[in-house]
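All remarks here apply to the structure that follows.
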Number of protein chains: 4
Amino acid sequence: MARQQNAPDPSRRSEQSRTAILTAAAGLVAEIGFGKVTIEKIAARAGVGKQTIYRWWPSKGAVVFDAFLAANENASGGLALPDTGDLGADLRTVLRLTALELDDPAFDRTGRALTAEVLTDPDLLREYRQRLLDPLLEVTRDRLRAARDAGQLRADADLDLAVELLYGPLYYRWLHGLGPLDAGYADQVVAAVLGALGG
Amino acid sequence: MARQQNAPDPSRRSEQSRTAILTAAAGLVAEIGFGKVTIEKIAARAGVGKQTIYRWWPSKGAVVFDAFLAANENASGGLALPDTGDLGADLRTVLRLTALELDDPAFDRTGRALTAEVLTDPDLLREYRQRLLDPLLEVTRDRLRAARDAGQLRADADLDLAVELLYGPLYYRWLHGLGPLDAGYADQVVAAVLGALGG
Amino acid sequence: MARQQNAPDPSRRSEQSRTAILTAAAGLVAEIGFGKVTIEKIAARAGVGKQTIYRWWPSKGAVVFDAFLAANENASGGLALPDTGDLGADLRTVLRLTALELDDPAFDRTGRALTAEVLTDPDLLREYRQRLLDPLLEVTRDRLRAARDAGQLRADADLDLAVELLYGPLYYRWLHGLGPLDAGYADQVVAAVLGALGG
Amino acid sequence: MARQQNAPDPSRRSEQSRTAILTAAAGLVAEIGFGKVTIEKIAARAGVGKQTIYRWWPSKGAVVFDAFLAANENASGGLALPDTGDLGADLRTVLRLTALELDDPAFDRTGRALTAEVLTDPDLLREYRQRLLDPLLEVTRDRLRAARDAGQLRADADLDLAVELLYGPLYYRWLHGLGPLDAGYADQVVAAVLGALGG
DNA sequence: AGTTAATCGAGACGGTACGTCTAGTCTTGGG
DNA sequence: CCCAAGACTAGACGTACCGTCTCGATTAACT
């Protein structure tokens, strides 16, 4: 009961080609920017036939995104928020790091391109959520839940709302370039959220 | 100190062509989606030479974006938030409307494409801010300022932070498809912000 | 020591495409004239991508010229002048046929366009000489040489000059439209050349 | 009984513009070659509106050709063949000069382009004949007629044929690049023609 | 001298074709 | 059967010119 007529057999996939493709994709994005990367350039740099890319990925966005994930997934392998007992301090730590990353010019270009791709392609969005966003939100909710259980948040605090109140403003400010993304701003957001949902 | 060598003379611009182009662009985006729209298709439908488009706009994104703005700018001509005296009610009204719009499937496709375009092209982002976003944030801040002056918000409430706390979470949820965008969610956000910054 | 960096591999060339292109080119020239033929029209009629034409030919002139040659080369496969022993009669036969062809209105348009192309493009001229003109002049010289050996021409007759004296005037009259191109004129030219170089 | 509806009034024509256009055309052809010259470039260099060119000339070929004629017509104002009494010497003088001109690389490029244009455009051909070729052939025929009257040519010599026998071979050799165009060749041709038609 | 009408420089316009680039498919030959 | 290589159809790109069409601003001739 094959789902597709011409589904390739993953067991015969060349690991060497796969790695070369992802490496080439990552390198090209860094060098010439996402917009100017093409499947042909990736294939040429990877020393790979175009068909080998088309066989395993549906689009340029998917390849580049895969390359990005491959580089970032292991980094956040043991993904978890610190739990020092001081919720505010812990949240400030996380949001300051987030702000710092968003503020990094090197991340900015790639991040925007990838975000644009993800927002526009439902398949990529699903994959992005499964592999990056949902885990991040989950550990954040875990930390908040622990705090709520410890009485540091109101008992009826909605954790889904809470994470969106935390990350949403940073994201909003970043994408629209509304103002500085620094530790002070992160602290302000944390203070506001704690003020709203604090016990 | 001319910024461009071959800047065309706007006084000789054909208003008829301009309108035809924007209309064609809007129609095509609605029918086949931003990704499949091409300059050539816009020109063909508008009955216009390609050069006439390239003469006045730098990219496909700019044309489509202009078409979008042309349609939305006059709509929000008398842009202002209601001021019934009840800040919470007024904010709920605005955020409910915002949530409703984002939740509209017809808006979703175009909105995402345009957002992707805006995030990726600094020139478009600037124009988007000047013509749509900044005015919206400004009137929101005005309403908040009035409330602060009336003692309904803490005297030290940061209005920039406030608007980002209001719109950021909605935007975040919309772009990532994190959950339902309805009146209830809008109300939750408003309640949280008032809880954080309320007098 | 490759002459070109990106020379395509002729062994992988599609014979089907090549034939379709030449057929389309010939048909278009006949129908709308060389000047109005475009690479795009050839590609469209041949059901072929433009790149496939650009990959194998450097210019429109080259394609059309190739189509012309492909049609005319095999026709004159067994190219040779008659040798009845009577040099004058043999030359009259050839020049009358040449005059007849040049006088054909159908040939006139294509012939002029192709001539203009060939005169202007050194590469095309070289190819024209190798594939059409030189063989024709060679067989003519052969016939004259046989006549000279038989004492029908002066022993010191310059055969290069002779062929130019034969074909030059016809060509000159044709291109400039100086007068009728008929059997009588052909005979006149032959008589003059024999008078000049005859034994 | 006007031949055209919107025939411009020649009496109001700006001589200054006309001169600037012809000068610009000639300069451009010399610099970048006929094929790359465009009406727009001519207009730009001449500091003239495109319409001014279109008003007075039907095509690029016509302008360039006019520029060429303007430069060459006065040169050959008192066009006439020398008449020293020695027909052979006089013809050798003319044909040697012709060969020399055709052999000049500077003339070659322009000459070929103009020839190609002339052969292809019946209007230009007519003008070329009226203003350059026919006068040249006429004076040549005049000289030959004088020689015939003096008994230096056969009484029944066809003068139209004669001029084509003289100029045709040179032209043929030049256009096809068949061999050297020098004084020796010119002499050979003259000798052949005199041999054929001489008294 | 004032009016009128055509030419002028300038350049935007609707188009066509250019030659290049990339997408995604198909074919060939090697492992 | 995967793979590297690359030719194939298709079609958009952004540019260059075409020939036509307004624009004012000179001109030139004719009231």
Side-chain angles (χ1 to χ4, degrees), chain A residues 6 8-14 16-17 20 36-44 46-56 58-60, chain B residues 6 8-14 16-18 20 36-44 46-56 58-60, chain C residues 6 8-14 16-18 20 36-44 46-56 58-60, chain D residues 6-14 16-18 20 36-44 46-56 58-60:
Chain A
N6 294 325
D9 179 352
S11 73
R12 312 197 58 169
R13 182 171 190 177
S14 159
Q16 188 179 324
S17 293
K36 292 188 178 171
V37 171
T38 64
I39 296 270
E40 299 210 330
K41 287 199 183 99
I42 297 174
V48 138
K50 286 166 64 176
Q51 199 60 248
T52 304
I53 298 182
Y54 282 110
R55 192 164 13 240
W56 302 110
S59 68
K60 174 182 83 163
Chain B
N6 295 326
D9 179 353
S11 75
R12 308 193 51 179
R13 183 171 189 176
S14 160
Q16 189 177 323
S17 294
R18 196 188 131 269
K36 292 187 180 171
V37 171
T38 64
I39 297 267
E40 298 210 330
K41 287 201 183 92
I42 296 174
V48 138
K50 286 166 64 175
Q51 199 63 252
T52 301
I53 299 183
Y54 284 109
R55 183 154 33 229
W56 302 111
S59 66
K60 176 183 80 164
Chain C
N6 294 326
D9 180 353
S11 74
R12 307 194 53 177
R13 183 170 188 177
S14 161
Q16 189 178 325
S17 294
R18 195 188 134 270
K36 292 187 177 169
V37 171
T38 63
I39 296 269
E40 297 209 331
K41 288 200 183 92
I42 296 173
V48 137
K50 286 165 63 177
Q51 198 64 28
T52 301
I53 298 183
Y54 283 108
R55 184 154 32 231
W56 303 111
S59 67
K60 177 183 79 163
Chain D
N6 294 325
D9 180 352
S11 74
R12 312 194 59 167
R13 182 170 189 178
S14 160
Q16 189 178 325
S17 294
R18 192 186 137 272
K36 292 188 178 169
V37 171
T38 64
I39 296 271
E40 298 210 329
K41 286 199 184 99
I42 295 173
V48 137
K50 286 165 64 176
Q51 198 60 251
T52 302
I53 298 183
Y54 283 109
R55 191 162 14 238
W56 302 109
S59 67
K60 175 184 80 163

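Each chain gets a letter, A, B and so on, in the order its sequence line appears, and its residues count up from 1.
To the nearest 0.5 Å, the span separating CD1 on C:Ile53 from CZ on C:Arg55 amounts to 11.0 Å.
C:Lys41 contributes a side-chain N or O that, together with a main-chain N or O of C:Lys36, makes up a donor-acceptor pair within less than 3.5 Å.
Recorded end-axis angle for the helix from E:dT3-F:dA29 to E:dG31-F:dC1 stands at 20°, based on five pairs per end and rounded to 10 degrees.
Take D:Thr52 and apply the side chain to side chain donor-acceptor pair (under 3.5 Å) test, not counting sequence neighbours, and it matches no residue. In this view, C:Gln51 satisfies the side chain to side chain donor-acceptor pair (under 3.5 Å) rule with no residue, not counting sequence neighbours. Applying the side chain to side chain contact (heavy atoms under 4.5 Å, CB included) test to B:Lys50 and every residue at least two apart in sequence or in another chain returns B:Glu40, B:Ala43, B:Tyr54. In terms of the side chain to side chain donor-acceptor pair (under 3.5 Å) criterion, D:Thr38 has no residue partners (sequence neighbours excluded).
What separates CD of B:Gln16 from P of F:dT22 is a distance of 11 Å, to the nearest Å. Atom pair C:Ile42:CD1 and F:dT9:C1' shows a separation of 17 Å (rounding to whole Å applied).
Contact between D:Trp56 and D:Pro10 at its shortest, heavy atoms only, is CH2-CA, 3.9 Å. Pairing each heavy atom of D:Ile39 with each of D:Ser59, the nearest pair is CD1-C, 4.4 Å.
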* When you check every protein heavy atom under 4.0 Å of nucleotides 6-17 of chain E, what one-letter string (B, S, -) results, 5' to 3'? -> BSBBBBSBBB-S
